[in-house]
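Read the numbers this way: they start at 1 and go in the same order the structure lists the ligands and their atoms. Counting begins at 1 with the first residue of the sequence.
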Amino acid sequence: MKTPGFHIVPLSTEIADAARRAAKAGAADHAVITVDSPESSPCRHCLRWAEPGERVVLFPYTAIPSGQPYSETGPIFVHADECQRYSATNEYPADFRIGRVFRAYDSNYNIIDAQVVDGSEPEVVIESLFQNPDTTFVDVRSVTRGCFTFRVQRA
Ligand SMILES: [Zn+2]
């Protein structure tokens with residue numbers, strides 16, 4: 001099998017743990033929610049849907065740093081209890097093959113391309129976005145809610 005030209009970047013364990021601590025400390029912008037329906041709350045750390053009955057922390061995450069025209073902070077979920085960070089970084093996460101939009105960014109955090117992935121092969125779309133030499137990374141987001149799911153970088 002050919003090695004893909006990309007790698008998946010899940011949320012860091014440091015950020016996930018900090019969010020869990022902030023939620024425990026009662027931070028107003030960190031809500032603990034019990035998931036009530038399947039495929040509603042993607043955990044950005046293990047890159048799986050949280051199961052109904054599992055608790056997640058909902059908090060604002062800065063995917064694109066401030067000081068840029070495309071700066072962006074938005075709501076994301078992580079499991080409230082410890083989970084294993086996604087480690088199959090050369091494989092596209094199976095839970096998020098549909099209902100995502102891929103945004104290609106250049107090295108200055110400008111959006112230079114975007115494609116909806118809903119039925120097409122995500123790997124093919126990622127490779128086509130990386131065919132542009134200016135594409136530095138691709139952010140994968142929910143096509144409906146717009147929330148950041150994970151980042152894809154060149155291998
Ligand atoms: Zn998780």
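In the hydrophobic clustering of ILVMFWY residues, with side-chain heavy atoms under 4.5 Å counting as a link, Ile64 and Val138 come out apart.
The angle Cys46:SG - the Zn ion (ligand 1) - Cys43:SG amounts to 110°, with values rounded to 10 degrees. The Zn ion (ligand 1) is the vertex of the angle joining SG of Cys83 and ND1 of His79, which measures 120° to the nearest 10°.
Within the 2.8 Å limit, His45 places no N, O or S atom next to the Zn ion (ligand 1).
Here the side chain of Arg154 pairs a donor or acceptor atom with the backbone of Phe130 at under 3.5 angstrom.
For Ile98, the CD1 atom counts as loosely surrounded, since its 6.0 Å shell holds 12 or fewer non-hydrogen atoms of other residues, nucleotides or ligands.
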How far apart are the C-alpha atoms of Arg48 and Glu54, what are their side-chain angles, what is the distance that settles it, and do they pass the salt bridge (Lys or Arg N to Asp or Glu O under 4.0 Å) test?
CA-CA 12 Å; Arg48 296 183 47 229; Glu54 285 186 319; 5.9 Å; no
